[in-house]
Amino acid sequence: MMLVLMERHDIYLNQVRSEYDDMQARNNLLKDMNKALAALRANRPTDEKTAKDYGTFVDSQGKTQDVFEWMRQKGIPIEATEDQQKRSLTWGVNPNSDRFELMFDDAQNGGKRGVQSQFDAAIQNLKASIDGANSEGQMALIYLQGLLDKLNQVAELMSNLLSKDQKIKEMIIGNSR
């Protein structure tokens, strides 16, 4: 009986560890979602005509993430403008003359820009994903509490069996004297 209880205890303990790891990953995702939401809010254009980059944030692993790419990877809907080019003036070395001069920087932006309505839609989609992750977290917490209760019951049952076994042994030794 004791071996069965010990095996059951190990099974519950492994499940608790697995749930804890899942909960930690979910908490990290929620932190990242909130950082992405803050970046979206900070970079949101003030008018409908201006297109701006969605921005970046530092995730829970310490890596800088592009909000647009990160949301796409996580399956959170986000739109971009048709404007693929971003021109700006920068100082740099002209490859034709090897001189340091003012030049146009025609960096490809990959469509990672949005106007105010696209930012608003991305913010709403991210909020919905945060709410979903919070709900999943609450359900996982309830499940974890149930597992911990079962683990404690098995540990208590093992303790009671060991205690009874010890009392029986003490009684047998006492009777043999």
Asn125 (side chain) donor-acceptor with Pro77 (main chain) under 3.5 angstrom: yes
Parallel, tilted or perpendicular: ring planes of Trp70 versus Phe57, cut at 30 and 60 degrees: perpendicular
Flag if over 12 foreign heavy atoms under 6.0 Å of CE, Met2: yes
Between CZ on residue Phe119 and OG1 on residue Thr46, distance to nearest 0.5 Å: 11.0 Å
Heavy-atom closest contact (Gly137 atom, Met23 atom, distance): O-CE, 4.5 Å
Thr50 and Gln116 side chains, donor-acceptor separation under 3.5 Å: no
Flag side-chain contact, heavy atom, 4.5 Å: Lys52 against Arg113: no
Over all atoms of both residues, closest heavy-atom pair of Leu161 and Met1: CD1-CG, 3.7 Å
Full working for side chain to side chain contact (heavy atoms under 4.5 Å, CB included) between Val67 and Leu40: CA-CA 8 Å; Val67 173; Leu40 284 173; 3.8 Å; yes
Joint cluster assignment, Leu141 & Tyr143, ILVMFWY side-chain distance < 4.5 Å: yes
Contacts of type side-chain contact (heavy atoms from CB on, under 4.5 Å), residue Ser176, not counting sequence neighbours: none
Inter-residue atom distance Leu29.CG - Ile130.CD1, 0.5 Å rounding: 9.0 Å
Side-chain ion pair, Asp131 and Lys127, N-O less than 4.0 Å: no
Approximate separation, where rounding is to 0.5 Å, of Lys35 NZ and Leu30 CG: 12.5 Å
Leu126 side chain near Met71 side chain, heavy-atom distance below 4.5 Å: yes
Intermediate values then yes/no, side chain to side chain contact (heavy atoms under 4.5 Å, CB included), Lys31 and Met33: CA-CA 5 Å; Lys31 287 177 193 174; Met33 286 177 160; over 6 Å; no
Side chain Asp59, main chain Gln61, donor-acceptor under 3.5 Å: yes
Distance (rounded to the nearest 0.5 Å) between Ile76 CD1 and Gln124 CD: 13.0 Å
Remaining members of hydrophobic cluster (4.5 Å side-chain criterion), Ile168: Ile172
Same apolar cluster (I L V M F W Y, side chains within < 4.5 Å links), Leu5/Leu162: yes
CG-CG distance between Leu148 and Asn152, expressed to the nearest 0.5 angstrom: 6.5 Å
Sequence neighbours excluded, every pair satisfying salt bridge (Lys or Arg N to Asp or Glu O under 4.0 Å) that has a member inside residues 1-22: none
Tyr20 side, atom OH; Gln24 side, atom CD - distance, nearest 0.5 Å: 4.5 Å
Close side-chain approach of Leu151 and Leu13, heavy atoms under 4.5 Å: yes
Heavy-atom closest pair, residues Gln15 and Leu147: OE1-CD2, 3.2 Å
Working for side chain to side chain contact (heavy atoms under 4.5 Å, CB included), residues Arg41 and Leu37: CA-CA 6 Å; Arg41 286 180 173 153; Leu37 183 61; 3.8 Å; yes
Where Pro45 and Val115 come nearest, the two heavy atoms and their spacing: CG-C, 4.0 Å
Worked check of side chain to side chain contact (heavy atoms under 4.5 Å, CB included) between Asp66 and Tyr54: CA-CA 8 Å; Asp66 180 84; Tyr54 282 105; 5.8 Å; no
Asp120 and Arg44 ion-paired at < 4.0 Å: yes
